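Since the structure comes first, as structure tokens, the remarks are kept for the end.
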Amino acid sequence: MILSSIVFLPLLFALIVAVWPNAKTLRHLALGLSVIEFLLSLVVLQQFDSSSASLQMVEKFMWIERFGIQYFMGIDGISLWLVMLTTFLTPIIILASWTSISEKVKGFHVCMFILQTAMLGTFLAMDAVFFYVFWELALVPMYFMVGIWGGARRIYATVKLFIFTFAGSVMMLVAIIYMMYLTQEATGHMSANLLDFYKLKIPFVGGTFFSLQTLLFFAFSLAFAIKVPAFPVHTWLPDAHVEAPTPGSVILAGVMLKMGTYGFMRWVIPLFPEASEYWAWLFMLIGTVGIIYGALVAMVQPDVKKLVAYSSVSHMGYILVGLFAFNAYGMTGGLYQMLNHGISTGALFILIGMIYERTHSREISKYGGLAGVLPIFTIFFFIVTLSSIAVPMTNGFVGEFMILLGTFKAQPAFAYFAVTGVVLGAVYMLWMFKRVFFGPQGELVKDEHHPLHDLNAREIVVLVPMVIMVFWMGLFPNNFLNYSKASIDFLVNNKNNYNLTIATPGSAETTTTQAAQGGN
Amino acid sequence: MNMTIGLSDILLVSPMIALFLASLIPLTVKVLRGNREQNPIVTLTQGLLGIVIAIALLAVFGGAGKTAFNNGLIFDGVTQWISVIALLAAGASMIMMYENPATTGKQFSELIFLAMSSAVGMLILVAAVDLLMVFIGLEMMSLALYLMIAMSHEEKLSKEAALKYFVLGSFASAVFLYGVAFIFGSTGGTNILSFMENAAELVQTSRLFLFGIAFVILGFCFKVSIAPFHAWTPDVYQGSPTPHSAFMATAVKAVSFAAFLRIIATKSLVGSDHLFDILQWLAVITMIVGNTAAILQNNLKRMIAYSSVAHSGYLLIGVITAGVSENGAFGASGVIFYLLSYALMTLGAFAIAGMMEKSESHIVNIDDLAGFAKNRPMLALCMTVFLLSLAGIPPTLGFFGKFYMFNAAIGEGLLWLAIWGMISSVIGLYYYLRPIVVMYMKEGEAEIAPRSLNATTVAVVVMAVAIVLMGFVSGPLFTAVEKSLL
């Protein structure tokens with residue numbers, strides 16, 4: 001029951017928050033509840049058997065019998081850390097929004113908890129329709145978050161966000177229904193169970209565009225690519241980020257974008273192995289273009305939040321390239337980079353939110369010389385910047401390094417271009433850092449009527465866990481990678497016959513042996 | 001022809017009899033009191049009581065696939081489900097009539113009488129398997145509605161709406177009757193059951209019969225507002241008092257689609273590729289026209305009206321699916337399930353639009369919703385549920401309605417229709433989001449009308465909760481519908 005608990009407890013929390021009568025203690029309550037949720041997810045981590053590639057802690061029963069749709073949840077090395085990332089970021093976000101969200105506080109926390117349920121459900125659902133329900137549900141609270149607490153052009157941004165992502169996913173729904181009929185043809189009974197989907201042998205005839213596998217592959221890929229967001233369907237993201245309130249940006253960059261890359265790992269690659277391999281060049285190209293394009297556009301942004309938003313396009317490009325390298329390095333790097341991006345970009349958005357609260361401006365040109373005025377803020381910003389540009393010993397380095405290594409092994413040509421992104425990333429981040437923190441003091445910084453105060457205790461408490469993660473993940477990556485190694489090896493070795501099994505207590509060994517055999 | 005009427009016939013039609021008798025009560029009381037209106041709440045209670053009794057009788061005697069009156073009426077799963085949907089919609093609309101400024105007043109007893117007579121017509125229409133019976137049901141339902149719309153005080157728009165509805169409705173009936181004549185000419189009978197077995201063959205061999213079926217279908221296309229025969233819909237829905245619009249958009253649509261299903265169940269589509277092709281294109285055109293036109297609307301009621309046109313397009317996909325499959329039950333249950341979800345959300349949306357009307361001539365625009373979420377958080381939340389459900393966002397009932405119906409379509413090889421359906425849902429999303437944007441994200445003073453609107457509020461909340469909760473148990477519900485059709 002542990003997985004159901006962590007998925008649906010936030011929904012209960014949302015109800016509790018909604019009926020909570022005391023406005024003053026509302027934030028404390030929400031923070032407490034989100035910490036409980038995090039502690040509960042630590043239990044999942046503790047119970048997780050890292051040596052097994054099978055689905056663990058499975059909960060399964062028939063939900064809609066007529067169509068073989070199941071209530072089916074399970075966790076493996078691929079979803080584990082994304083779940084942890086979600087539960088880890090939520091309390092931080094709630095604490096970070098302590099003063100920045102001052103209106104409709106109750107509604108905000110209700111949205112936050114519903115969103116948490118939807119995201120965790122997306123990562124844990126193992127039934128296509130069940131997954132789709134969570135996938136779409138996540139849009140609704142996000143829509144309200146940007147639309148109600150966002151900036152001046154929030155309505156444009158939020159409608160664009162909703163329609164872009166909804167448009168992407170409807171074709172996925174058609175594909176899901178189609179695959180349900182394919183299982184009916186193959187097994188005699190309809191099913192939306194992902195494990196049944198994995199067993200389908202979907203025809204792939206010579207890579208022609210109209211082979212069934214290719215069509216289904218693109219129906220799914222479009223949905224995920226928009227969520228990632230991959231070039232050229234990324235345009236909703238900068239708008240959404242700029243208009244979103246700080247917590248919205250953090251959850252968007254931190255977790256929601258990962259729903260897209262996770263989708264590629266969990267659905268697209270194992271379900272459509274031949275098509276994925278055939279079209280890998282396309283997605284590596286899209287990823288590479290995204291890396292360079294995102295970096296170049298980030299470089300010329302006058303608005304620091306927009307800069308970070310475009311840097312997301314660049315970073316998510318890496319993840320895409322890594323996944324489509326189809327080797328253990330690339331995949332592991334891709335997964336690790338999902339977490340890194342969640343931590344470092346999340347922290348960057350929080351930091352930008354903090355300075356915005358003080359000055360009500362995000363324009364780089366109005367800053368300058370912040371380092372002298374806000375030393376603590378500067379130190380935190382510097383550490384996160386280093387993580388974002390992947391300096392060794394930080395988390396970003398491990399992920400980018402592995403991705404590039406994997407890409408060199410698979411497609412050196414793309415790797416040459418992708419590497420330039422590393423340099424460009426350093427350029428735009430450090431240049432921005434220089435302009436904001438050094439040099440002569442800008443008009444906002446030396447404003448005598450509004451002297452700037454350095455970070456207070458609450459803000460430091462928000463940032464410290466993020467910084468700890470930056471170094472922990474950078475210095476001891478194996479602490480994290482060990483948990484997902486078995487699952488990723490299994491995916492890489494059995495890509496063409498991804499026969500994921502459900503772990504029964506005591507059978508973990510047999511599964512890993514199977515994985516090893518499959519690789520030979 | 002050997003015509004005997006037994007007790008079983010009477011029992012089967014007892015819901016209609018009960019409804020009709022109940023409809024007479026308010027009128028009788030009024031006459032006995034010297035033409036003085038009784039307390040409207042009493043009138044309403046009498047009407048609702050009739051509906052409850054009718055539903056109870058339906059539950060007891062309905063179903064089981066029996067025919068009555070010499071195969072004139074059939075009482076199967078479709079009859080039972082659609083009758084219940086129509087009666088519930090009638091009940092909800094009557095509650096709205098009680099509280100809407102345009103429909104309360106001196107003639108409330110007459111209004112309730114007409115609404116219930118219309119419901120009697122609906123029950124006949126749903127159950128009819130003889131084309132002449134279909135016609136009788138259709139006319140009885142429509143005549144009462146023409147009067148209802150025209151009756152609302154001295155409101156210019158509603159007179160215009162009544163006239164428009166009357167002229168176009170009569171035209172549709174005429175087209176339908178014309179088709180029936182052709183069918184009679186070619187088969188020598190008007191009973192659907194009698195030509196059901198060989199309709200697929202007849203369509204190919206007899207041009208007369210093909211014309212007949214085509215005209216009958218055309219008549220229904222008018223009634224359920226399939227583009228390009230939908231032009232009356234937005235005008236009539238906008239011009240009528242809101243409770244009437246809700247009644248027409250849900251109950252009338254549900255029963256008309258039920259009758260449509262009966263025609264389609266003759267498998268004439270399987271025999272004629274032309275009819276099949278044309279209907280598919282009509283479905284696509286309807287979805288696109290309805291959705292794109294709704295984007296341009298400012299008037300809330302008009303927007304919902306266009307959205308109801310779009311939903312007719314989705315429903316037509318289900319009807320086609322039922323028509324081409326070996327066993328039509330899957331497609332037909334998709335249609336019924338969709339109608340159920342559609343009725344709940346459209347009634348809800350119209351109810352909230354109606355609650356905001358401060359006087360008979362008050363027009364509610366989408367921009368008038370600004371600030372609604374702040375002033376009426378509960379109702380705004382309900383409206384959001386209705387709109388998201390209409391747009392087909394999970395986990396609402398509206399999503400499952402679309403899912404099941406498109407599932408049936410894909411199962412019958414109508415993949416391209418399902419894809420068109422999905423594409424139009426994306427277009428539709430744009431205008432469903434607009435009221436939500438205005439309610440939650442714009443400052444304003446939107447309020448509901450300062451009348452006692454407790455009954456409608458209760459109905460709205462019940463519907464919103466039902467839409468969310470029924471989403472989770474939609475599976476068993478769908479199975480129940482399907483089982484009753486087999």
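The structure presented is a predicted model; accordingly, all values stated were derived computationally and were not measured.
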Inset, instruction - Please lay out, stage by stage, how A/Phe144 and B/Ile436 fare under the test side chain to side chain contact (heavy atoms under 4.5 Å, CB included). - result: CA-CA 9 Å; A/Phe144 282 113; B/Ile436 305 182; 3.6 Å; yes
Inset, instruction - Give a yes or no on this: more than 12 heavy atoms of other residues, nucleotides or ligands lie within 6.0 Å of atom OH of A/Tyr178. - result: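 Counting other residues, nucleotides and ligands, OH of A/Tyr178 stays at 12 neighbours or fewer.
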Inset, instruction - Name the member of A/Lys104, A/Glu65, A/Met171 that forms the most heavy-atom pairs with chain B at distances under 4.5 Å. - result: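 With the most close heavy-atom pairs to chain B, the winner is A/Met171.
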Can you tell me which portion of [X] sits under 4.5 Å from chain B's heavy atoms? Options are side chain, backbone, both or neither.
X: A/Met62; value: neither
X: A/Ile69; value: side chain
X: A/Tyr132; value: both

Legend entry - Residue pair A/Leu137 / B/Pro394, side-chain heavy-atom distance below 4.5 Å: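 A/Leu137 does not reach B/Pro394 side chain to side chain.
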Legend entry - Structural part of B/Ala373 lying under 4.5 Å from a heavy atom of chain A: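 Neither part.
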Legend entry - Contact class of B/Phe403 relative to chain A, heavy atoms under 4.5 angstrom: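 Its backbone and side chain both get close to chain A.
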Legend entry - Close aromatic pair by centroid cut-off 6.0 Å: A/Trp135 and B/Phe399: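 No, they do not, as the ring centres are separated by 6.0 Å or more.
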Inset, instruction - Please confirm whether A/Arg66 makes a cation-pi placement over B/Phe330, using NZ or CZ under 6.0 Å from the six-membered ring centre and within 45° of the ring normal. - result: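 Yes, A/Arg66 and B/Phe330 form such a contact.
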Inset, instruction - With rounding to the nearest 0.5 Å, note down the distance linking CD1 in A/Ile155 to CG in B/Leu433. - result: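 It comes to 11.5 Å.
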